[in-house]
A.B. asks: 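Next up is a structure, given as structure tokens.
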Amino acid sequence: MTVLNDCNQPTQKGLHALGVILLVAASLIWGTTFPLIKNAIGSLSPSAILASRFVVAAVVLAPYLRCLNAKLIRDGCLLGLVLFASFATQTMALQTIHANRAAFISSLTVVIVPLLGLLIGQRVLLKTLLAAGVAITGIGVMSWESGQLSVGDFLLFGNAFIYAVYILILEKTTQRHPTLSLTAVQVWVIAVLGMLWATPELVREIHAIGTNINAVLYLGLVATAATVLIETMSQRWVSAQEAALFYTLDPVFSAVISFLLLGETLGVRGLIGATLVLAAMVLSQGGKDTQDNTEIETLCLPFESSDDSHLSPLTISLHPETRQLVELGKD
């Protein structure tokens, strides 16, 4: 965990702000995927898109599979399996459910994450619960459509739960491993599973993939490799509960970009919903409280160096609740 102190080292507040910016960037990228490639991938099946985008991402991240250890492989495979389950259920659900309805149900992750956090003993701030409620209300205003529940709805409920589990696992494991290596293992696991799942479609649609190679490359390089890397990196400094909140920006960005690039109607509901989601982001960042995974207490003590006679600061970082030593270092 990064040291937080007053000895000319990066502050946790600054790293938290960087994590927030990265999460917003990831949501913006995800929001561009549908409007930018809407017409390009119409000839490809969802499973073929999933497999091809992760194969592209895996090839790019292959150099970072060097110097792996057993714990990194274990954690990376676990994250990859959970994330593949999330993508697979979402892919199957989107074949039977409208995208707007899917956006609302998938956003239930923002509520599930803090609830699961409570079950495993995490401290959940009141403002986080309030922000989650405001965000899900905003997505509902934007996206909800009436009608009876279908199989696709239940698949997406499962997807929201699985993705919430992924966010919570990532919060714990990302602290223990190099970001690029952990990202590479995750992506390779999903690429292999995706290839096995979509082999018949890939064989039939190989020509269509070649025809739409630019869209596939964008999905693989930007919307997969970059976003999984950003997500893994940002959760070093941003809690799972906050991360889930910022992921609700995805449908907001998608609606706005579709309005700007495709001329689709945003409407009053879209404006109200987007405003509520943005208000939830502001609410989640208000006040002085921070989540327990970003709170580090650091002391700077005078320390006499063995190689010179002057005093140098010794940094001692303690976790606020466990009081365990996080990092000890000399400036």
Side-chain angles (χ1 to χ4, degrees), residues 23 26-27 29-30 33-34 44-58 61 71-97 99 101-117 119-120 149-174 177 182-202 219-220 223-232 234-235 240-241 243-244 247-248 250-251:
L23 288 174
S27 293
I29 292 172
W30 286 324
T33 54
F34 178 72
L44 296 176
S45 65
S47 57
I49 295 171
L50 173 65
S52 58
R53 68 187 287 187
F54 274 95
V55 167
V56 171
L61 293 169
K71 290 184 178 180
L72 194 157
I73 294 174
R74 178 200 64 193
D75 291 345
C77 287
L78 175 60
L79 287 167
L81 286 170
V82 176
L83 190 55
F84 173 77
S86 175
F87 274 106
T89 53
Q90 183 185 63
T91 298
M92 291 185 290
L94 288 175
Q95 297 179 22
T96 59
I97 188 173
R101 192 181 180 103
F104 172 75
I105 299 176
S106 297
S107 296
L108 291 175
T109 296
V110 73
V111 178
I112 298 173
V113 167
L115 293 179
L116 289 178
L119 291 178
I120 62 176
L149 294 178
S150 65
V151 174
D153 293 308
F154 289 107
L155 285 172
L156 277 176
F157 283 127
N159 167 70
F161 180 84
I162 294 169
Y163 197 66
V165 172
Y166 172 78
I167 293 173
L168 288 166
I169 296 174
L170 183 61
E171 179 183 36
K172 298 300 181 183
T173 56
T174 189
H177 307 295
L182 184 61
T183 302
V185 175
Q186 292 181 71
V187 169
W188 268 90
V189 168
I190 300 172
V192 171
L193 293 175
M195 289 283 289
L196 294 174
W197 181 36
T199 297
E201 287 81 5
L202 289 173
L219 280 173
T224 303
T227 54
V228 176
L229 175 61
I230 287 173
E231 188 174 3
T232 304
S234 62
Q235 282 200 238
Q241 298 160 28
Y247 294 146
T248 60
D250 179 6

A.B. asks: List the residues meeting side-chain hydrogen bond (donor to acceptor under 3.5 Å, both in side chains) with T224, not counting sequence neighbours, and say none if there are none.
C.D. replies: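 Applying side-chain hydrogen bond (donor to acceptor under 3.5 Å, both in side chains) to T224 gives R53.
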A.B. asks: Taking the side chain as every heavy atom from C-beta outward, state whether L79 and L170 have any atom pair closer than 4.5 Å.
C.D. replies: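 They are in side-chain contact.
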A.B. asks: Which pair of non-hydrogen atoms, one from I112 and one from A164, has the smallest distance, and what is that distance?
C.D. replies: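 Of all heavy-atom pairs spanning I112 and A164, the closest is CG2-CB, 3.6 Å.
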A.B. asks: Could I get the full list of side chain to side chain contact (heavy atoms under 4.5 Å, CB included) partners for L202, not counting sequence neighbours?
C.D. replies: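 Listed in chain order: A48, A51, M195, A198, I209.
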A.B. asks: Give a yes or no on whether the backbone of A240 and the side-chain of E171 come within a donor-acceptor separation of less than 3.5 Å.
C.D. replies: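 Yes; judged by distance alone, with no hydrogens or angles, the pair exists.
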A.B. asks: With a 6.0 Å cut-off on the ring centroids, do F87 and F54 count as close?
C.D. replies: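 Yes, the ring of F87 comes within the 6.0 Å limit of the ring of F54, centre to centre.
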A.B. asks: So, using side chain to side chain contact (heavy atoms under 4.5 Å, CB included) as the criterion, who are the partners of L72 when residues are at least two apart?
C.D. replies: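 Per chain and number, L72 pairs via side chain to side chain contact (heavy atoms under 4.5 Å, CB included) with L68, N69, H177, P178, S181, V185.
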A.B. asks: Listed by chain and number, what are the side-chain hydrogen bond (donor to acceptor under 3.5 Å, both in side chains) partners of E231, not counting sequence neighbours?
C.D. replies: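 Applying side-chain hydrogen bond (donor to acceptor under 3.5 Å, both in side chains) to E231 gives Y163, Y247.
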A.B. asks: For the pair L155 and V151, evaluate side chain to side chain contact (heavy atoms under 4.5 Å, CB included) and give the outcome as yes or no after the intermediate values.
C.D. replies: CA-CA 6 Å; L155 285 172; V151 174; 4.2 Å; yes
A.B. asks: For T174, give me all partners under side-chain hydrogen bond (donor to acceptor under 3.5 Å, both in side chains), at least two apart in sequence or on another chain.
C.D. replies: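 Expected list: none.
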A.B. asks: Going by the side chain to side chain donor-acceptor pair (under 3.5 Å) test, which pairs reach into residues 184-194, not counting sequence neighbours?
C.D. replies: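 Output for this query lists Y166-Q186, Q186-T232.
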A.B. asks: Start with the C-alpha gap between I162 and V165, add the side-chain angles, then the distance that decides, and say whether side chain to side chain contact (heavy atoms under 4.5 Å, CB included) holds.
C.D. replies: CA-CA 5 Å; I162 294 169; V165 172; 5.6 Å; no
A.B. asks: Is there a side chain to side chain contact (heavy atoms under 4.5 Å, CB included) between L219 and V56 once you walk through the steps?
C.D. replies: CA-CA 8 Å; L219 280 173; V56 171; over 6 Å; no
